[in-house]
Amino acid sequence: MTTLLLYTSAYFFFAVTAVLLCQKFGLGSVLGYLLAGILIGPAFGIVGKEAESIQHIAEFGVVMMLFLVGLELAPQMLWRMRHKLLGLGGLQVLLTLAAIMGIALALGYSWQIGVVVGCIFALSSTAIVLQTFAEKQLLNTAGGQAGFAVLLFQDVAAIPMLALLPLLAMGGATHQTADAHSSSNWLTHQDAWVVAAVSVAAIIWIVLAVRYLVPYVFRFIAKSKLHEMFTIFTLAVVVGIAALMSMIGLSPALGAFIAGVALANSSYRHEMESHLEPFKSIFLGLFFITVGASMNFSILIAQFFPIIGMTLGLLLVKSSVLWLLGKIFRLPTLGGQLFALALAQAGEFGFVLLSIANQHKLLPTQIHDRVSLVVALSMVLTPLLFIFYDKVLSPRAIRGENSERPNDTVDEENPVILLGHGRFGQQINSMLVSCGFHTTVIDNHAEMVEGLTKYGIKTYYGDATRPELLNSIGLHKAKLLIVCVGDKSTEVVEFAKRYYPNLTIIARARDRLHAYDLHHAGADYIVRETADAAQRTGRIAMHQMGLSQDQARELTKFYAARDRYQLDTLAELYNPDVPIFSNTEMLKAAREIDNETQEMMQAIIRGEHIDWQENPNSWVRIKKGIS
């Protein structure tokens, strides 16, 4: 018991330390778990042979992961994305597998080894790539969308790969080797037609059971109001399916994936995801730790240059295939570069395939250890590829775009100048144009400018944060400047107010602090981009809680007026050189106004008359302010 506790504490301590450090430096949790395993295994020798036994238990995390992947892949969703999935994703997997297999054959290895290694290397790291895309806000770019489609296809392609590897073992001399796994297979000595019939029947039974029986049980549990039963039953479903698939010799992950797809349209899908996610994360983390702990670093030291060469060769081959596909599918230059670099590594699912290949003796021990090191090293190098993209490729592309297209010459002088025609500015411009007002629109996205021009909206290309552009767009004759350019809007407002003091300026703010900065920069009207939507949501919420439509509408108007008054008051007390929660005078004023607002709103609910539109602190008195 003591030994077990010591091993458990070592796993947990090193996992927490390594993952937190990797997250801090933007390297991702998967690499943190691998690093923890390396530290407690090859580096310090804290754990030994028992890592392999723990790995068999930890592989259940992969089963849960595939179940959750299936829950996200409703059949209609797969159908809508079929072109990108089958085009980009299908070609990436097939071309990478073919390239790796060709290299293996050229080096004198059998085609079976080439297929196994090709399958392992063809898959990329979903965990690392998607997390990095989210952190760097790259998911909505052309390269990010293409990468997401390929990763989605790889998640699906991993399923037939799981089924393919045991078939390769059956076709070779290694199928005679028996182990604990095969001994638990009820169909080991049955005829092929019996195995096929039972396998098909089991899959059909899983689909029907989870499609009709599982929702019925969930409804029964919901009526009982025993929420812990959701967790227990969800675990029972996944464990039961995994056990059934193991007993008939099929992949437990395959059964879990099929069950997940069958439940993708269930109203209890999110409930199952929320209950399984913590267990999946723990088991997967444990799985990656055991992978790191069981890696043979003596081979890396003894054969350093060959293994590093294999790792760099993998990155080169995969990035070349991805770059070629980016050209074929006409991705933008920068998007194609991101697509090629982001998915060039091998992925965490490669470890799963490696464990299956090892279980069925598909790879010689030396090749298995080398491939395992190459997968891990390629994942370790992935953050460096993203840094190269951020620091070298992206700035170069922006400089190239700016040098290729200079700012347009603005040849008109209109009373309204709008800087930024994105999701916020386009609605403002549409309203003004619909009323017959003439606007000059400036935007720094070349594709947006060209598209709007084709649509019939005259738009000029240019960087609105540059003083030379601002001096050439007719600010001296304009009546109104509307600033919707994002992070540098404060500098734009400050420049315009300094040199054109009589110009009225409306500026968009991200939040309250940004609004205070714009106020000090000289903006006449400041509009927080989410304020109106939040207040409308509050009005709906008040009505749903029992207030009448008229009451909710009046309270919303009153709250909006008080909120504008508070922001206008606090903006005068705001000091950009003092942290917001260290400005005691500002905090005191905010609390006083909040308390007063609460008292007045509750008085209105009680039916008391408050002539707030004549109140000195009302929106009527504030001619210029923050909204």
Side-chain angles (χ1 to χ4, degrees), residues 222-223 225 227 270-271 274 423-424 427-428 431 482 484 489-490 504-627:
K223 291 179 182 179
K225 297 183 180 180
H227 296 290
H270 297 295
E271 191 83 20
S274 64
R423 56 185 173 83
F424 194 87
Q427 297 191 52
I428 302 169
M431 291 174 67
I482 304 174
C484 310
S489 57
T490 305
T504 300
I505 302 175
I506 303 175
R508 180 195 70 184
R510 295 186 311 275
D511 50 31
R512 289 174 182 263
L513 293 183
H514 191 203
Y516 298 149
D517 288 331
L518 291 168
H519 176 85
H520 282 265
D524 297 289
Y525 298 91
I526 303 164
V527 181
R528 289 168 293 153
E529 58 186 19
T530 59
D532 290 338
Q535 290 163 11
R536 286 201 303 273
T537 303
R539 176 172 58 80
I540 296 171
M542 286 188 289
H543 176 59
Q544 293 299 316
M545 293 302 294
L547 299 182
S548 67
Q549 287 277 18
D550 292 337
Q551 274 185 311
R553 190 176 296 109
E554 180 184 3
L555 287 166
T556 302
K557 289 182 180 178
F558 174 73
Y559 176 83
R562 291 288 297 178
D563 187 52
R564 285 193 289 268
Y565 164 68
Q566 182 186 52
L567 282 166
D568 198 50
T569 302
L570 298 184
E572 297 296 335
L573 301 174
Y574 174 68
N575 185 347
D577 298 325
V578 177
I580 187 72
F581 291 108
S582 298
N583 190 332
T584 55
E585 186 180 3
M586 185 178 176
L587 292 177
K588 180 182 177 182
R591 281 193 295 266
E592 289 175 352
I593 296 174
D594 279 341
N595 293 335
E596 189 179 53
T597 300
Q598 291 175 14
E599 293 175 4
M600 297 174 76
M601 291 185 71
Q602 290 172 20
I604 294 174
I605 293 175
R606 291 193 299 267
E608 298 178 19
H609 177 69
I610 295 180
D611 191 9
W612 57 272
Q613 293 195 1
E614 299 299 327
N615 190 295
N617 296 339
S618 74
W619 63 278
V620 174
R621 183 173 181 271
I622 301 172
K623 306 219 181 229
K624 295 182 180 180
I626 303 171
S627 107

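Each residue takes its place number in the sequence, starting with 1.
Remark: R606 engages E608 in a side-chain hydrogen bond (donor to acceptor under 3.5 Å, both in side chains) (not counting sequence neighbours). Partners of L513 by side-chain contact (heavy atoms from CB on, under 4.5 Å), not counting sequence neighbours, listed by chain and number: D511, Y516, Y574, I580. By the salt bridge (charged side-chain N to carboxylate O under 4.0 Å, His left out) test, E585 pairs with no residue at all, sequence neighbours left out. Residues satisfying the side-chain contact (heavy atoms from CB on, under 4.5 Å) test with T569, not counting sequence neighbours, are Y565, I593. Applying the salt bridge (charged side-chain N to carboxylate O under 4.0 Å, His left out) criterion to R423, with sequence neighbours excluded, gives E529. Annotation: salt bridge (charged side-chain N to carboxylate O under 4.0 Å, His left out) contacts of R512 (sequence neighbours excluded): D563. The side-chain hydrogen bond (donor to acceptor under 3.5 Å, both in side chains) test applied to E572 returns H519, not counting sequence neighbours. With sequence neighbours left out, the side-chain hydrogen bond (donor to acceptor under 3.5 Å, both in side chains) criterion links T556 to no other residue. Partners of Y559 under the ring pair (Phe, Tyr, Trp, His ring centres under 6.0 Å) rule, at least two apart in sequence or in another chain, do not exist in this structure. In terms of the side-chain contact (heavy atoms from CB on, under 4.5 Å) criterion, residue partners of A589 (sequence neighbours excluded) are, by chain and number, L570, L573.
Evaluated for a side chain to side chain contact (heavy atoms under 4.5 Å, CB included) with T597, the options R562, Q566, E592 yield exactly one hit, R562.
Minimum heavy-atom separation, N575 to N583: N-ND2, 3.8 Å.
Here the CG-CD distance, from L555 to Q602, works out to 10.5 Å after rounding to the nearest 0.5 Å.
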Pairs under 3.5 angstrom only: tabulate donor-acceptor contacts from the side chains of residues 541-552 to other protein residues two or more places apart or in another chain.
from: H543; atom 1: ND1; to: L547; atom 2: O; distance (Å): 3.0
from: S548; atom 1: OG; to: Q551; atom 2: N; distance (Å): 3.1
from: D550; atom 1: OD1; to: R553; atom 2: NH1; distance (Å): 3.1
from: Q551; atom 1: OE1; to: S548; atom 2: N; distance (Å): 3.4

What do the steps show when you test L567 against R528 for side chain to side chain contact (heavy atoms under 4.5 Å, CB included), and what is the final call? CA-CA 11 Å; L567 282 166; R528 289 168 293 153; 3.1 Å; yes

